Amino acid sequence: MKIYNTLTNKKETFTPIEEGKIKMYVCGPTVYNYIHIGNARPLIVFDTVRKYFEYKNYDVKYVTNFTDVDDKIIKKANEEGVDFKEISSKYMKEFLVDSKGLDVKPATMYPKATEEIGGMIEMIKTLIEKGYAYEVNGSVYFETKKFESYGKLSNKNQEDLEAGARIAVDTEKRNPMDFVLWKPKKEGEPAWKSPWGEGRPGWHIECSVMAKKHLGDSIDIHAGGEDLIFPHHENEIAQSEAANGKQFSKYWMHNGFINVDNKKMSKSLGNFFTVREIVDEFSYDIVRFFMLNAHYRSPINFSRELIRAAANGLERIQTGRKNLNYLYEDAKMNDYTEKEIVFVNDKELEKYKHKFESAMEDDFNTADAISVIFELVKFANKNTDSDSSKEFINNIIILIDELCGILGIESKKKEGLLDEDVNKLIEKRQQARKDRDFALADEIRDELKEKGIILEDTREGVRWHRG
Ligand SMILES: [Zn+2]
């Protein structure tokens, strides 16, 4: 299997540190809002990488963190006049709703920054002891000059970085490229006790600490969006390797950007979409299919036309799959026909499987892997009819489902809920609320949301519409 490693800038043959096992860390969200399509891409892409490894019988440990204390979370909490934890816990839950909708397998663990402060303080202490970090007025900085290979992931050298860095406004730093590990408490902000006074950790340190705690000093794959290469991942390497004295991650994988109508997605341009907004119009499985239609390292352009085209593509697979089901039910013969025996002897179906695997093993080329599924559906359309045997049709069905399953694609169209079912669930939710069982009430709301049913609590009662 070949993986493009950002650390070496080339495709490399993948060999895990320990045979049969993979330790994988994917940077998770800062939870202060619903995830946008830019966040959804690494979520889907690296889940697909994991699913493929698991299909290949690797034992995968997959860790994704929640940054649950951060400037943006605190700002939002202050604007809404609530505790920052109210904001972070709300959006952690919403993240998991979107993850489930997108068929992302739950991570082995979801460590939270606020629960790992002790470990962060320990690592910062080690970095100070080893001479890589220094304290000034309650702040602790990592001294990048001390870490010789700083810049190796992003291919930047220290001199260029320094020349490029703005003249430091805060004169606390010894060097403009130094980055913060611990910052002192500010008015109105949450803070934790530390040897350097009350304060909170910088963002980069949390990933180094969580990866170490839950996966060990050295991991196989570290992944995230390409916007994280510098400075976040560069800083993670500096912290982890300086503190642990070992290579941090053997492979670094990064997914490409998403543009909207060929423009960079940004709040100021107003072309900023949350996943929720898109699934109101389309569906989670279409979003996932759309993302996997491109190679993960290529930039993706997002537009209504393109997502509609993806929806049509997915529909083609699902229609083909449904027709096979009908044929299967009506098939009179159990055993292969003469024509089918030729296909079986030629190992025709296995050819599709091999082709699919070759695409995936060439740096997870999901675009080519999806083309193989299309070819398989085409083969099925051409070579099955009312004379086909149950056995043959069944083999094709199993293969389509297996290949779609590896990518997390729905081969069977989700049949929507009937109005009757929706009303029953809403009644059940109302009862749960009366019984003050809010956990159950929330669960029902989330379940409906996932199926595209949006609830609105109004004074006249609950109204709902299909997303
Ligand atoms: Zn990270």
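Because the structure is predicted, anything quoted here is derived from the model rather than measured. Whatever order the structure lists ligands and atoms in, that order sets their numbers, starting from 1.
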- So, are Lys23 and Glu18 salt-bridged, with charged N and O less than 4.0 Å apart? no
- Side chains of Lys2 and Thr13, donor plus acceptor under 3.5 Å: yes
- State, without any angle test, whether Asn301 and Asn262 hold a side-chain donor-acceptor pair at a distance under 3.5 Å. yes
- Please say whether more than 12 non-hydrogen atoms of neighbouring residues, nucleotides or ligands are located less than 6.0 Å from NZ in Lys152. yes
- Item | Total protein N, O or S atoms, the Zn ion (ligand 1), separation less than 2.8 Å | 4
- Mind checking whether Phe53 and Phe14 have ring centres under 6.0 Å apart? yes
- Item | Ring geometry between Tyr110 and Phe66 (parallel below 30°, tilted from 30 to 60°, perpendicular above 60°) | parallel
